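Structure, as structure tokens:
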There are 2 protein chains.
Amino acid sequence: MPERPAGSATGDLGLDPAQPGAEAPRGLGLSMRDVATRAGVSAATVSRVLNGSSTVQAEYVERVTAAIAELGYRRNRLARNLRRQTAEMIGIVVSDIENPHFTQMVRAAEDAAYRRGYRLLLCNTDEEAEKQAAYLEMLAGERALGVILVPSNPAGDEIRWLLDLDIPVVAFDRSVEDPRADSVVSDGEGATRTATEHLLGAGHRRIAFLGGRTGVETAERRRAGYEQAMREAGLAPREADGDFRIEPAFAATQELLQRDGDVTALVVGNNLMAIGALRALARGGRRLPDDMALVAIDDPFWAELVEPPLTVLAQPVREMADAAMRLLFERLGQRREEPRHELFGFELKVRGSCGAAHPGPARG
Amino acid sequence: MPERPAGSATGDLGLDPAQPGAEAPRGLGLSMRDVATRAGVSAATVSRVLNGSSTVQAEYVERVTAAIAELGYRRNRLARNLRRQTAEMIGIVVSDIENPHFTQMVRAAEDAAYRRGYRLLLCNTDEEAEKQAAYLEMLAGERALGVILVPSNPAGDEIRWLLDLDIPVVAFDRSVEDPRADSVVSDGEGATRTATEHLLGAGHRRIAFLGGRTGVETAERRRAGYEQAMREAGLAPREADGDFRIEPAFAATQELLQRDGDVTALVVGNNLMAIGALRALARGGRRLPDDMALVAIDDPFWAELVEPPLTVLAQPVREMADAAMRLLFERLGQRREEPRHELFGFELKVRGSCGAAHPGPARG
DNA sequence: CTGAAAGCGCTTACAG
DNA sequence: CTGAAAGCGCTTACAG
């Protein structure tokens, strides 16, 4: 019935036109119309069956289901997306997928999305405002259902565009400027304050801080907590910038050891920088915890593996990811209008690297 | 690059040239028609300008560009997708995104995709055939451009469906049954053979193998290499199943120590199981490398961090990911019909855990 | 080079 | 409950 002119879009797809006698490739180039014809109903009814509309007669449901099976028909989601003006996918925009902190977050988000029948579009921005803009614009053009965003540029116009399109945005780890977005962040200030106070309590005075990139909210918050604790103790802060990454942290730590050789303790702003710092310390012949005490933010799976195991401040990543997804789904379900902001606390896990009396977890 | 209209390398990521005018005329509900009217041209011309068609008069280009900026118009990709019968996205289906091996691979793939203006749809199967089926069907329905697949079920019908739709599939890490798919795998057999021979060369005789799930191709290949090396040395293999995951590996190692207490060396089948084994060894009071020598497959970033640093067989993940993307793009560019299979070798990196004389990398 | 027109394959008011 | 029809917003032969 629906004659397809040669060279139509079907042809472009490289689909073989049905050859008489030859076994037709199942489900290719079929539309609801074909199923409808086969089942002796209208395309609308096929659509209703596929969408689980409860109003369709049982007999029709059966006939349509049978026809779909016989034909091997599979719905073209592209058409559905256009018609509904949404692709059922959630954008997840992180600054560095290789950072275990975000890997864990992505994993938890994937779980939650899959359970609800949505897909995840993974975007990695490398902390570049330009990549963030490109990805968010794409997500807007594609009419994503919602976006979980670790903002590289919290003030980006693209964030506004998404919100304008009624696409909910949940800021993760750092907040964004637009007040309409939800957010899920952790109390980095409290974390470094706790870390610093823990080291102060152990008698350290010359405590340095290895922080992230200036201007990044998370970095600033963590720096602030350290500075407060030091100031309250009447001590001078000593800081180095490790850019939240391994290599810069390695270099910054080496430089710090050169510059402030008398430092006895280090607060490290995230797990990636801890790796860099550990390497630099080893290279410099400083042994943990005696030559240098160390407390790190984040609790990656390898923190217990190193010798001595790392004393850390752990954030509840999984719960945070779940919270972000929950906030998103509340919006999708129109169950909420006003923005919500959730703050999560860190947990101090004392292990060996801070020099506190505590048996390593590994010795039986 | 035949199928993509002229444009900058990364410029076509859906980055429609809407300028962030401060007065934000929300580009909602605007269509090309509106832009066309404003610019005094046809919608077709607007489309051509947006797609970088070189045939449009310079003056029209200017007028259209201006109209787009004034209106704050942004293209609806949903319509474009339907019309072109493809969403410009690549599905990437892995068994465990939290495994650093796959994280690295995903990262490299994202890089390559972004450079070419494509997006990545991340799917995590947890080694479940059902999740693989659900994701691949979705990818087919959404007319993904192509799929990189770490198969949980290499014989799944959904793989055939994708190929039937002319959606190229590149099997990664393990091959799939359908002969039309490309593949990028590493020589796991050679890797465990090398590992075992290295330990044999160091004088070990009672060498055990901690392997992955029975039936998974990668696991079987790695097991085979170990068994061959043992057999050739006239020794009896001793094996444990750690399911490629941390916890099962921990349990399996504990059981192994119980059962075969006299084992002096361990070949571990992947990086996740190495973590489990390390924990079990520590718990059992066995020190590396004296009480137990260890060689692991994979070279995650933490392998150098543990004490002693791990002797490993590293696979060139980044190159493998690049190869997979290259194979995919060759298909998209219609530059190849016949399937291609690429095999990558491992590199032995002798560090401390095998007991071989070698200075740790960290001591200055 | 440009425009008018067809159509991608669904979904969904609307009418019966 | 069901079908005919409109239409989502693009792209692209086709004709001029």
Side-chain angles (χ1 to χ4, degrees), chain A residues 1-13 15 27-37 39-64 68 71 73-88 140-143 165, chain B residues 3-5 12 14 16 27-37 39-64 68 71 73-88 140-143 165:
Chain A
M1 209 269 285
E3 61 279 307
R4 300 191 180 288
S8 70
T10 304
D12 293 342
L13 258 185
L15 304 183
L28 300 191
L30 287 177
S31 76
M32 281 190 177
R33 190 135 232 111
D34 302 307
V35 175
T37 305
V41 298
S42 72
T45 296
V46 175
S47 174
R48 290 189 184 107
V49 169
L50 243 17
N51 290 319
S53 164
S54 56
T55 67
V56 183
Q57 262 185 51
E59 199 211 314
Y60 281 4
V61 173
E62 220 161 273
R63 266 155 60 185
V64 168
I68 287 173
L71 261 22
Y73 165 78
R74 265 158 301 130
R75 173 164 53 185
N76 184 319
R77 298 181 71 99
L78 263 19
R80 150 184 262 236
N81 290 349
L82 173 60
R83 180 53 228 242
R84 310 239 280 204
Q85 278 304 295
T86 177
E88 287 186 338
E142 203 88 51
R143 301 291 188 273
L165 282 164
Chain B
E3 88 281 22
R4 296 188 65 78
D12 202 22
D16 296 326
L28 293 182
L30 287 179
S31 75
M32 281 190 175
R33 192 133 232 110
D34 302 306
V35 177
T37 305
V41 297
S42 73
T45 296
V46 176
S47 174
R48 290 190 183 106
V49 170
L50 243 17
N51 290 320
S53 164
S54 55
T55 67
V56 183
Q57 263 185 49
E59 198 210 315
Y60 282 4
V61 172
E62 220 161 89
R63 265 154 61 183
V64 167
I68 287 172
L71 261 21
Y73 166 78
R74 265 157 302 132
R75 173 163 55 184
N76 185 321
R77 298 181 70 96
L78 263 18
R80 150 184 262 234
N81 290 348
L82 173 60
R83 179 53 228 247
R84 310 239 281 204
Q85 278 305 294
T86 179
E88 285 185 341
E142 203 89 49
R143 301 291 188 273
L165 282 165

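Throughout, a chain's letter reflects where its sequence line sits, starting with A, and its residues are numbered from 1. Only heavy atoms go into these numbers, but all of them, side chains included; no hydrogens, no water, no symmetry mates. Quick caveat, the model's predicted, so the values are computed rather than measured.
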Item checked: Short side-chain N/O contact from B:Arg77 to OP1 or OP2 of D:dG9, under 4.0 Å -> no

Checklist line | Euclidean distance for C1', D:dG16 against D:dT12 (whole angstrom) | finding: 16 Å

Item checked: Closest heavy-atom pair and its distance - B:Leu30, B:Leu71 -> CD1-O, 3.4 Å

Next item on the list: Using a 3.5 Å limit on both pairing distances, list the dot-bracket string of DNA chain C from the 5' end; Watson-Crick and G-U wobble pairs count, crossing pairs take [ ], interstrand pairs take |.
Entry: |||.||||||||.|||

Item checked: Euclidean distance, atom CZ of residue B:Arg75 to atom C1' of D:dC8 [Å, nearest integer] -> 16 Å

Notebook entry, point to check: Start at the 5' end of DNA chain D and walk down; is the nucleotide closest to A:Val41 or to A:Ala79 reached first?
Noted result: A:Val41

Margin query: In whole Å, I'd like the distance from the CG atom of B:Asn76 to the P atom of D:dT11.
Written below: 10 Å

Check: Heavy atoms under 4.0 Å, any strand shown: does A:Asn51 hit a base, just sugar-phosphate, or nothing?
Finding: sugar-phosphate

Next item on the list: Output all residues satisfying side-chain contact (heavy atoms from CB on, under 4.5 Å) with B:Val56, sequence neighbours left out; order by chain, then residue number.
Entry: B:Thr45, B:Arg48, B:Val49, B:Ser53, B:Tyr60, B:Val61

Check: Once you round it to whole Å, what is the distance between P of C:dA4 and CE of B:Met32?
Finding: 16 Å

Checklist line | B:Tyr73 vs D:dG9: side-chain N/O to OP1/OP2 distance below 4.0 Å | finding: no

Notebook entry, point to check: So, for B:Ala36 and B:Ser42, which heavy atoms are closest and what is the spacing to 0.1 Å?
Noted result: CB-C, 3.5 Å

Margin query: What is the distance, to the nearest angstrom, from the CG atom on B:Leu82 to the C1' atom on C:dA6?
Written below: 13 Å

Notebook entry, point to check: What residues form a salt bridge (charged side-chain N to carboxylate O under 4.0 Å, His left out) with A:Arg75, not counting sequence neighbours?
Noted result: none

Write down the protein N/O and nucleotide N/O pairs, taken from nucleotides 13-16 of chain C, whose separation is under 3.5 Å; answer none if there are no such pairs.
from, atom 1, to, atom 2, distance (Å)
C:dA13, N6, A:Arg48, NH2, 3.2

Notebook entry, point to check: Got a sec, which residues hit salt bridge (charged side-chain N to carboxylate O under 4.0 Å, His left out) with A:Arg63, two or more places apart in sequence or on another chain?
Noted result: A:Glu59

Check: For B:Arg33 and D:dC10, what is the distance between atoms CZ and C1' respectively, to the nearest whole Å?
Finding: 11 Å

Note to self: Checking A:Arg83 now: which residues fulfil side-chain contact (heavy atoms from CB on, under 4.5 Å) with it, not counting sequence neighbours?
What the structure shows: none

Notebook entry, point to check: With A:Gln57, which residues qualify under side-chain hydrogen bond (donor to acceptor under 3.5 Å, both in side chains), at least two apart?
Noted result: none

Note to self: What contact category does B:Ser47 fall into here, base, sugar-phosphate, or nothing, at under 4.0 angstrom with non-hydrogen atoms?
What the structure shows: base

Next item on the list: Please report the closest heavy-atom contact between B:Ala43 and B:Met32, naming both atoms and the distance.
Entry: O-SD, 4.1 Å

Item checked: With sequence neighbours excluded, residues passing side-chain contact (heavy atoms from CB on, under 4.5 Å) with B:Glu62 -> none

Note to self: Between A:Arg80 and A:Leu50, is the side-chain contact (heavy atoms from CB on, under 4.5 Å) condition met? List the steps.
What the structure shows: CA-CA 12 Å; A:Arg80 150 184 262 236; A:Leu50 243 17; over 6 Å; no

Note to self: From C-beta outward on A:Thr55, which listed nucleotide comes closest to its side chain: D:dG9, D:dC1, D:dC10?
What the structure shows: D:dC1

Margin query: Tell me whether the side-chain N/O atoms of B:Arg84 come closer than 4.0 Å to OP1 or OP2 in D:dT11.
Written below: no

Notebook entry, point to check: If you check the B:Thr45 side chain, which of C:dT12, D:dT2, C:dT2 turns out closest?
Noted result: C:dT2

Check: Among residues 57-64 of chain A, which contact DNA chain C at a heavy-atom distance under 4.0 Å?
Finding: none

Item checked: Flag for B:Glu142-B:Asn81: side-chain donor and acceptor within less than 3.5 Å -> no

Margin query: What is the separation between atom CG on B:Asp34 and atom C1' on D:dG9, rounded to the nearest whole Å?
Written below: 11 Å

Note to self: Counting only side-chain nitrogens and oxygens, does B:Ser31 get under 4.0 Å of the OP1 or OP2 atom of D:dG9?
What the structure shows: no

Next item on the list: To the nearest Å, give me how far apart CG (B:Leu30) and C1' (D:dG9) are.
Entry: 12 Å

Checklist line | For B:Thr37, all residues meeting side-chain contact (heavy atoms from CB on, under 4.5 Å), sequence neighbours excluded | finding: none

Next item on the list: Return the value, rounded to whole Å, for the distance between atom CG of A:Leu78 and atom P of C:dG7.
Entry: 19 Å

Next item on the list: Sequence neighbours left out, what passes salt bridge (charged side-chain N to carboxylate O under 4.0 Å, His left out) with A:Arg84? Give chain and number order.
Entry: A:Glu88

